[in-house]
Amino acid sequence: MSSDPTRSPETNSDSEERIKRFLATASHDLQSPLRHIAMYAELLLDDLEETLDGEQLQSLRMIMEKAQTAQRLTKALMSLAGGTPQVTPEEIDLQALAENVWGELTDETAVGEATLASNSLPSIRTDPALFGLVLRHLLTNALMYRSEAAPHVAIAAEREGTDWFIRISDNGAGIDPAYRERIFEPFWKLPKPGTVQGAGLGLTTAREFLTALGGDISLEHSDESGSRFIIRLPIA
C-alpha cells in the first residue's frame with residue numbers, strides 16, 4: 001500500500017470495481033485457449049481411442065474434463081463480474097470433491113507429507129465449479145501458511161436447520177489478530193517472508209462465490225495451533 005499521504009484511500013466500491021474488471025478480463029482472455037484445449041483433446045480421443053492404453057485414455061479424458069470445467073468456471077466468473085452470477089447447482093459428493101481438490105494441490109505443491117481428514121462428508125447441492133474453487137482457495141492457504149509441522153487439514157460438515165456448516169481446520173501458523181479483519185479484503189496479502197505472493201484475491205473471491213451461492217464464510221478461530229474457517233451453505 002502506498003505511503004503517499006496525498007493519495008486518497010481506496011473505497012470498498014473502488015476495490016469491488018477493480019475485482020470485477022480483473023475477473024472479467026482474465027476470464028474472457030482464458031475462454032479461447034480453454035476452448036481449443038478441450039476441442040483438441042476431444043479430437044485426439046476420437047482419432048486415437050483404439051490405439052491408446054487405459055492409462056493414456058484416462059489422461060486424455062482428464063485433460064478434456066479439466067478444460068471443460070475451467071470453461072464453465074470462467075463463464076461463471078464473467079457472469080459474476082457482470083453482476084448476474086451464473087450458478088448451476090447440482091448434487092455433488094463433497095467427500096469426492098474435497099479429495100480431488102486436495103490431490104491436485106498436493107501434486108502441484110509437492111507437499112508429500114500433508115494429510116487430509118475428511119471422512120464421510122455428505123452430498124450437497126451447489127455449483128461444483130464455484131464451490132470447488134472455494135475449497136481450492138482455502139486448502140491452498142492451509143498449505144502455504146504452514147507451521148513447522150507437516151500440514152494437516154480437517155474438513156467436517158453438519159446440518160443445522162436449513163443450512164450446511166462446513167468447517168475447514170488447519171494446523172498452520174495461525175493469523176495474527178492484527179490481520180483478522182483484513183484477510184477478506186481484496187488485493188491484501190497476509191505477510192509471509194520468503195514466498196512469492198499471489199494477487200491477494202483468494203479469500204475475497206471465495207466470499208464472492210459463496211455469496212452468489214447463497215452462503216458466506218468467516219474465520220471462526222485462529223491461534224498458534226492453526227485456523228478454522230466456517231462456510232455456510234443453504235441446503236436447498
Side-chain angles (χ1 to χ4, degrees), residues 58 61-63 65-74 76-77 87-147 149-160 162-175 183-184 198 201-222 225-236:
Q58 184 179 4
R61 289 193 182 104
M62 182 67 71
I63 291 171
E65 290 171 7
K66 294 298 182 184
Q68 290 171 341
T69 298
Q71 280 182 288
R72 291 194 296 271
L73 179 58
T74 53
L77 288 172
V87 176
T88 308
E90 60 184 73
E91 199 74 16
I92 62 171
D93 183 338
L94 183 56
Q95 179 70 33
L97 179 62
E99 290 177 354
N100 183 51
V101 172
W102 180 258
E104 291 176 355
L105 287 175
T106 51
D107 285 345
E108 291 170 12
T109 58
V111 185
E113 72 276 20
T115 54
L116 174 70
S118 61
N119 295 329
S120 303
L121 293 175
S123 292
I124 62 175
R125 185 170 179 79
T126 190
D127 186 297
L130 293 183
F131 192 73
L133 195 55
V134 170
L135 282 182
R136 172 173 276 270
H137 286 314
L138 290 168
L139 296 180
T140 296
N141 284 349
L143 293 172
M144 179 182 296
Y145 297 100
R146 57 184 294 185
S147 63
H152 177 73
V153 176
I155 305 177
E158 62 179 340
R159 178 174 177 166
E160 296 181 16
T162 59
D163 294 310
W164 285 112
F165 287 88
I166 302 164
R167 289 175 170 84
I168 301 178
S169 310
D170 64 56
N171 65 338
I175 299 170
I183 58 174
F184 292 101
L201 284 173
L203 288 175
T204 307
T205 53
R207 173 171 276 180
E208 290 290 331
F209 294 156
L210 286 167
T211 298
L213 296 172
D216 55 47
I217 181 173
S218 61
L219 177 64
E220 187 175 45
H221 172 79
S222 188
S225 66
S227 301
R228 182 172 63 249
F229 287 87
I230 181 169
I231 294 169
R232 182 190 62 80
L233 271 181
I235 289 174

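The figures that follow rest on heavy atoms only: side chains count, while hydrogens, waters and symmetry mates do not. None of these values were measured; they are calculated from a predicted model.
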Of all the heavy-atom pairs spanning [X] and [Y], show the shortest one and how long it is.
X: Pro128; Y: Thr88; value: CD-O, 3.7 Å
X: Ala157; Y: Pro122; value: CB-CD, 3.7 Å
X: Leu130; Y: Asp127; value: N-OD1, 3.0 Å
X: Thr106; Y: Ala114; value: CG2-CB, 4.3 Å
X: Leu121; Y: Ala98; value: CD1-CB, 4.2 Å
X: Thr204; Y: Phe184; value: OG1-O, 3.0 Å

Quick one: which of Ile92, Ile235, Asp93 gives a side chain to side chain contact (heavy atoms under 4.5 Å, CB included) with Ile124?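 With Ile124 as partner, Ile92, Ile235, Asp93 yield a single side chain to side chain contact (heavy atoms under 4.5 Å, CB included), made by Ile92.
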
Which of these passes side chain to side chain contact (heavy atoms under 4.5 Å, CB included) with Ile168: Ile230, Leu139, Ile217, Asn141? Leu139

Under 3.5 Å, side chain of Asp170 to main-chain N/O of Ser227, donor-acceptor pair present? yes

Backbone N/O of His152 and side chain of Asn171: donor-acceptor pair under 3.5 Å: yes

Rounded distance [0.5 Å steps], [atom1] in [X] versus [atom2] in [Y]:
X: Asn119; Y: Glu99; atom1: CG; atom2: CD; answer: 8.0 Å
X: Ile166; Y: Leu233; atom1: CD1; atom2: CG; answer: 5.0 Å
X: His221; Y: Ser169; atom1: NE2; atom2: OG; answer: 9.0 Å
X: Arg167; Y: Phe229; atom1: CZ; atom2: CZ; answer: 13.5 Å
X: Gln58; Y: Arg61; atom1: CD; atom2: CZ; answer: 8.5 Å

Is Arg232 salt-bridged to Glu160, cutoff N-O under 4.0 Å? no

Student check: side-chain heavy atoms of [X] and [Y] closer than 4.5 Å:
X: Pro234; Y: Asp163; answer: yes
X: Leu138; Y: Ile231; answer: yes
X: Trp102; Y: Ile155; answer: no
X: Phe131; Y: Leu210; answer: yes
X: Leu135; Y: Leu94; answer: yes
X: Ile183; Y: Ile175; answer: yes

Relative to the ring of Phe209, is the ring of His137 parallel (under 30°), tilted (30 to 60°) or perpendicular (over 60°)?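 Rings of His137 and Phe209: parallel, under 30°.
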
Is it the case that over 12 heavy atoms from other parts of the model lie below 6.0 angstrom from the CD atom of Glu104?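 Yes, CD of Glu104 has more than 12 neighbouring heavy atoms, counting only those of other groups under 6.0 Å.
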
